[in-house]
Amino acid sequence: MITFNNVTKTFEDGTKAVDNVSFTVNEGNLVTLIGPSGCGKTTTMKMINKLISITSGKITINGNDIAHEDDVELRRNIGYVIQRIGLLPHMTIEDNVALVPKLKGWKKSEYLKKVDDLLDMVGLEPNIYKKRYPLELSGGQQQRIGVIRALAGEPPIILMDEPFSALDPISREQLQDELKLLQKNIHKTIVFVTHDMDEALKIADEIVVMKEGGIEQIATPSQLLQHPANNFVESFIGEDRAKRAIVSGETRKANAIMQQLPSTLETSNMHVVTQDTAIQEVARVMLLKNTDTIIVTNSTGAPTGLIEKNQLLQELAGIKEEVQ
Amino acid sequence: MEAFQVFLDTILTRQDLILKSTLEHLYLSFLAILIAVGISLPLGIYISKKRKVAEFYIGITAVLQTIPSLALFGFLVPVLGIGAVTALVALIIYALLPILRNTYTGITGVDEGIIEAGEGMGMTKRQILWKIQLPLSLPFMMAGIRTATVLTVGVATLATFVGAGGLGDVIWRGLQSWNNSLVLAGAIPVALMALLFDYILKLVEKKVTPKGINL
């Protein structure tokens, strides 16, 4: 578990990159830090392995203040994957992956086995690849090595700094899928920096949205889509995605959008839908029955709310109230 | 044909002088390069960590390089007198720049991503230097040493003017006595020596270039 307590980072030139940030990354979670460039997400991440020092506040890992840990020792127990991959071009794949285990003083037989296992895990046949050099591999393969190199020392925590953003779209998708699958099996605590909302929504257990050094919202992907905390988060998600989330029908049921039923309304001869009806289905019923208002009933059949045509159209179009 | 015969005769009759001068020339050049490497490599590594002062040091060696070689030998005589030491100092000064600049360029040119990865994985500064920066900049350093070597072998012909011997002796005697054969008997070994050094160092350069970066 990684905890940020009122962490602030002010650079020498006076810019406040991270401003009084507090949050917790639970063990085994994949948390993405996301935001526009300059929002402090990378700085926040690099403070965890002390590549950037903290100005004030405290970061703890499992309760231990990292300020008291030796930099080098701390980093050997935190995996690190970067956008530029950073494989050592003069070393073979085997030597690259075995780097941290060697630094930690593992026995040769131990780390050689580890290298084979890890290569197998990402689908690169060890006997073919381990004696090759990084430049003999494609970009996607190189970053797979980058990821397993971070895993080799068996760190409980892994930091990833936009690891897939320099790859071609196909490799990127593949690696995202692989990472997701990997995470299911290895249960590492992963802090993943990205500027790509699609990527964050796809892989994250939890998303931390940042802006100008502060945190705007912390939420699971579906919470974030359905309940963006403010206009900034909403615009950062983008209407396009919000719309898609609605079309894909994720929990967008009639009861989620219905208005309160006016007590004076006579409902007996109006058309009804049950509260679990998807809003697309509600629209279909409205069109078929040629009506502008529809009554929503609960599981016992009692009327609990109503939906108006214009309101439904707005929901389907992904346009919020302020447009009215 | 006659000229060639004269040339051969010259070599035969002056073989003692030519051999002695060649050895002196080798000795001067080799020692100068060795000392220049001993100064420039550590200095280059040092200034690659202090980029603010780097341009200053490289600037100094660049200014020294702009002094015409004949003049430099002349300047040094009043200070150091005549003899091998003066010649060595001058040659070392000339060899500094290519080695220093290439070492600096080589080390600072290592991809920042690789350094960051190394640091993030928990390598110490020393490990980053020895396991990443030096191996990756070795080809650059060797290229600098090669340039310096060819340069030094050429400039060492001027050592004769400060009484340090070398093949410049042979060339100078030839010039003074209007003996073109003797000039050639001094100049050709210089050229051959430069080519030979260049070739050997090229092999070394190839050898030290890490396998993975030449694909």
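Lettering of chains follows the sequences in order, A, B, ..., and the numbering in each one begins at 1.
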Contact residues of residues 31-46 of chain B (partner chain A; heavy-atom separation under 4.5 angstrom):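 Heavy-atom contacts from residues 31-46 of chain B to chain A are absent.
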Interface residues of residues 110-122 of chain B facing chain A - non-hydrogen atoms under 4.5 Å apart: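 B/Asp111, B/Glu112, B/Gly113, B/Ile114, B/Glu116, B/Ala117, B/Glu119, B/Gly120, B/Met121, B/Gly122 fall under the 4.5 Å cut-off.
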Top contributor to chain B contacts, counting heavy-atom pairs under 4.5 Å, from A/Asp161, A/Asp70, A/Leu103: A/Leu103
Pairs of heavy atoms under 4.5 Å with chain B: top-ranked of A/Ile82, A/Asn49, A/Val81: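 Option with the greatest count: A/Ile82.
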Engaged part of [X] at the chain B interface, taking heavy atoms whose separation is under 4.5 Å:
{"X": "A/Arg149", "result": "side chain"}
{"X": "A/Lys104", "result": "neither"}
{"X": "A/Leu74", "result": "neither"}

Verify the neighbour count for atom [atom1] of [X]: are there more than 12 heavy atoms of other residues, nucleotides or ligands below 6.0 Å?
{"X": "A/Ile170", "atom1": "CD1", "answer": "no"}
{"X": "A/Glu27", "atom1": "CD", "answer": "no"}
{"X": "B/Phe7", "atom1": "CZ", "answer": "yes"}
{"X": "B/Arg101", "atom1": "CZ", "answer": "no"}
{"X": "B/Phe30", "atom1": "CZ", "answer": "no"}
{"X": "B/Phe197", "atom1": "CZ", "answer": "yes"}
{"X": "A/Lys102", "atom1": "NZ", "answer": "yes"}
{"X": "B/Lys49", "atom1": "NZ", "answer": "yes"}

Structural part of B/Leu136 lying under 4.5 Å from a heavy atom of chain A: side chain
Side-chain touch A/Leu99/B/Lys131, heavy atoms, less than 4.5 angstrom: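 A/Leu99 vs B/Lys131: side chains apart.
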Distance, nearest 0.5 Å, that separates CZ of A/Arg75 from OG1 of B/Thr124: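 So the CZ of A/Arg75 and the OG1 of B/Thr124 are separated by 10.5 Å.
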